[in-house]
Amino acid sequence: MSDYTLRDRTHNCNSLTSRDAGKEVILIGWVASRRNLGGAVFVDLRDREGITQLVFLQEKEGDLQSRAQQLRYEDVVSVRGTVISRGDKNKTGKIKTGEIEVDVSELNIYSRSEPLPFPIRDDISSTLETRLKYRYLDLRRTSVQKNLIMRSKFVSAIRKYLTGDGFLEIETPYMVKYTPGGARNFLVPSRLNQGQFYALAESPQIYKQLLMVAGMEKYFQIAKCFRDEDPRQDRQLEFTQIDLEMSFADENDIMNLVEAMIIQAFTETGLKFNSVPFQKMEWEQAMSLYGCDKPDTRFGIPHVNLNKFASESGIGILEKAAQNSFLVKGICIPKSASFFSRKKIDELTEFVKKEEIGQAKGLIWLKLGADGAFTGSVAKFLTPEKTEILKNTMSVEVDDTVFIVADETAVTHKVMDNLRRHIAKILNIIPPGSFSALWVTRFPMFEKSSEGQWVSSHHPFTHPVREDLEKLGTEQQGSVKAMAYDLVINGNEVGGGSVRIHDSEIQAKVFKSLGIADEQAQQLFGFLLEAFKYGVPPHAGFAAGLDRLAMIITGAESIRDVIAFPKSVNGADLMTNAPTRVLEKQLQELGIAVNSNPEKE
RNA sequence: GGGGUGGUAGUUAAGAUGGUUAUAACGCCGGCCUGUCACGCCGGAGGCCGCGGGUUCGAGUCCCGUCCACCCCGCCA
C-alpha cells in the first residue's frame, strides 16, 4: 500500500478510451457513486476533468472487494489497476470514458466523507442557501467547475493578449483615500490613525491615470473593486475588473485594442461573435432605436419614432401626447398577429403598467389584417390615408402586430425597452449561444442629479468631445457629449471607458461646469491635479466587468455561478458567517464605538 | 428604504375549506444480490413544520411580528 501523489497519477478521470486497454494506470479522485451488486462492485471515480468507472470483482485476492463495498459518497481514494474494455454490451455513452473501466488491484483511501448535506450531482439541485453554506461541496459539481475553468481560460487569454501587446500588469492599492460621489465606499478604520478611515477602492481609476503620468504607457490589472451597494443577480459587493489604460491613445485606439482582446479571449474559449468588427452606435442613436444605452442586438425590433404621425393621426390620445411633447414610439412585431391573443395583449398591458417596467398609462396595439386594415385598440380612428402612413412609417406587413406607447420621454424609453426585450423573450426569437457585441459611443458628459445638480455621467476626468467644448458652462451643457464608450454584449454592459482630460484648462472648465470650486477640487483630487502639472501624456482607458463577461461566456444565470465564494443578497458569506461582531478590545484599538443593539443577536 | 416569492426529516418536495400517530423520494443504518452506470430487492432509524407572539377546544395550515434566502425598484458603471 502506498499513498500516491499527483506525480504518480497516470491519467485524469476523463481521458481513458478503449485504445488504453491493457495499460496499468493510477487514478486519484472522489467517489462519485458506488453500485454494489454483491459479487461485483462498481465505483464512479470523479476528478475535476470527469468520471471513470472502477470495477472490483470477487475473484480478487484479499479483502479488496469488501473494502470497496465500504466506500461511500465523496471518500477520497487512489487506485492502481488495469484498463479493460467494457465491450459493446456494457459500454455507455453517458460519460466520455464509457468504453472502458479500470479493474482495480490496489485501493488507497486518503480520507472518508460523512453523509453529505446535499448530493453532489448536476441533475439534482439544492437550495442556494444550503449550497452557499457548503460552497466547497457545491464547487465539486461539474457544472460549477466548468464555469470556473472557463473563466480561468478567459482571464489567461486576456493576460496573454495584453502582455503580448506590451501592457504591464501593475497592482494598485485597495485601501485608498475616500472620495465622495459615485458608489458608496466600504470604510476601513485605521489603528495607527485613530478616527480616520481608508476607503476600499471602487476602481483603480485615479491610480491608473497616475501610472500614465509615471510613464508606464500601457497598464493593465485584473483588479478587485469594492462597492457598498445592494447586490443583484449580476452584482456583488466585491467584483473583478479587467482594468487598462494607455498613453497617447484616442477613442479608436482603445476600442480597437479592447475589441481584439475580447475576440481573442472568446476565440480561445471556443466562442464566436455573430459579426465582426463590432457594430458602433452613438448613444443618441441607441436611445432612439432601443430606448436604452445597452441594447441587446441579438435581435431586431427597433423602436420607431411616431411623433410626426401622432400629431396628425386623428387619434385623440396620440395627438394630445404629441402636443404635450411626449415621446411616441412604436414597435412592429412581424407575423405575430395570431400569437398575440386578446389575453396575451391584456397581459402585456398589465406588464407595461408595472412600476418597475416604467409605469406606462396604457399600451396601444394594432394588427394588420389581410384586407390591409388595422384592427385593435385605436383602429376605428384610423382613416385609410392614415393607415397607409402608419404602414409605411413602420414597414408593417400583413399579420404583423404594432405596439405604441406615448408618454414622457423617460417613461416611453424605459417601457419600450422593457417591452422589446420582453416580447423577444416570450416569442423565443433570441438564438441560444449567440453573441452580439456593440460599441455605444458619445455618451452625454453630464446628467442632472435628483437634487438638480449637474453631475458627471462617467467621472469628472472624462474628456468632452472637441466640438462641444464651448458649450461647457452654458445653457446647452446638457447636450455636451463625452469621449466615452461602452462595450455591450447581448444587452449587458460589460465595460466602458473614456479619453481622459490631460489639459488643465479643460479640466478646470469641467470642474466649474460641475460646480466644483477650485479649493474643493484641490481637496478631493489635489494629488492628481498636482501630478498633471509635471508632464502628463494624453491617455485613455477602459474597464471591463470580468464577472459579467464570465456570466455571458458560460451562460450563467447568476453572478454567483461564476464566483468561487460569492456573498448573499444581504452581503453575507453564508459559509464563514461574515460579517460578524468584533471584540470590544478591537474596537477600542481603533477608537470606534458601536451603537449596537445587543438583543438583535 | 419599498414590493414580490419561498422556509416542513440530512436533502428535495407534498400537506383543499384548521381536526387522530405530519407523507413521499433520495440519502443514512442493517440484510440480499456478478454487469451496474439515478443498479435492484427486503427491513429500519430519522421531525423545535425558520423563530416569537396571538386567535381557537384544537394551528404545519388563520392573524401579527421577526430572521434568513432569492428576484425586482431605489441605489450601483
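Chain identifiers are assigned alphabetically (A, B, ...) following the order of the sequence lines, protein sequences preceding nucleic acid strands; residue numbering begins at 1 within each chain.
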Whichever of A:A40 and A:P115 has its nearest RNA chain B nucleotide further upstream toward 5': A:P115
Which residue lies more 5' along RNA chain B, comparing A:I84 with A:F118 via nearest heavy atoms: A:F118
Just call it for [X]: base, sugar-phosphate, or nothing, with non-hydrogen atoms closer than 4.0 Å on any strand.
X: A:S126; result: sugar-phosphate
X: A:L574; result: sugar-phosphate
X: A:R72; result: sugar-phosphate

When the distance from [atom1] of [X] to [atom2] of [N] is rounded to whole Å, what number comes out?
X: A:K567; N: B:A69; atom1: NZ; atom2: P; value: 13 Å
X: A:N570; N: B:C71; atom1: CG; atom2: P; value: 11 Å
X: A:R131; N: B:G10; atom1: CZ; atom2: P; value: 20 Å

If you count every heavy atom of other residues, nucleotides or ligands that lies below 6.0 Å from [X] atom [atom1], does the total exceed 12?
X: A:R140; atom1: CZ; value: yes
X: A:W439; atom1: CH2; value: yes
X: A:Y198; atom1: OH; value: no
X: A:E229; atom1: CD; value: yes

Aromatic ring pairing A:F226/A:Y174, orientation class (parallel under 30°, perpendicular over 60°, tilted between): perpendicular
Whether A:Y485 and A:F542 hold their rings parallel, tilted or perpendicular, with breakpoints at 30° and 60°: parallel
Nearest non-hydrogen partners of A:Y219 and A:D243, listed with the distance: OH-OD2, 2.7 Å
Sequence-aligned protein contact record of nucleotides 72-77 of chain B, with B where the base is within under 4.0 Å of a protein heavy atom and S where only the sugar-phosphate is: SBBBBB
Under 4.0 angstrom between A:T127 side-chain N/O and B:U12 OP1 or OP2: yes
Donor-acceptor side-chain pairing of A:E99 and A:S18 below 3.5 angstrom: yes
Please list each protein N or O that sits under 3.5 Å from an N or O in nucleotides 38-41 of chain B, with the distance.
| residue | atom | partner | partner atom | Å |
| --- | --- | --- | --- | --- |
| B:A38 | OP1 | A:K94 | NZ | 2.7 |
| B:A38 | OP2 | A:K94 | NZ | 3.0 |
| B:C39 | OP2 | A:S33 | OG | 3.1 |
| B:C39 | OP2 | A:R35 | NH1 | 3.1 |
| B:C39 | N4 | A:N36 | O | 2.3 |

For B:C49, the Watson-Crick or wobble counterpart (both distances under 3.5 Å): none
Nucleotide forming a Watson-Crick or wobble pair with B:C26, both distances under 3.5 Å: B:G10
Verdict with supporting geometry, A:H422 and A:F351, ring pair (Phe, Tyr, Trp, His ring centres under 6.0 Å): CA-CA 9 Å; A:H422 181 69; A:F351 175 77; 3.9 Å; yes
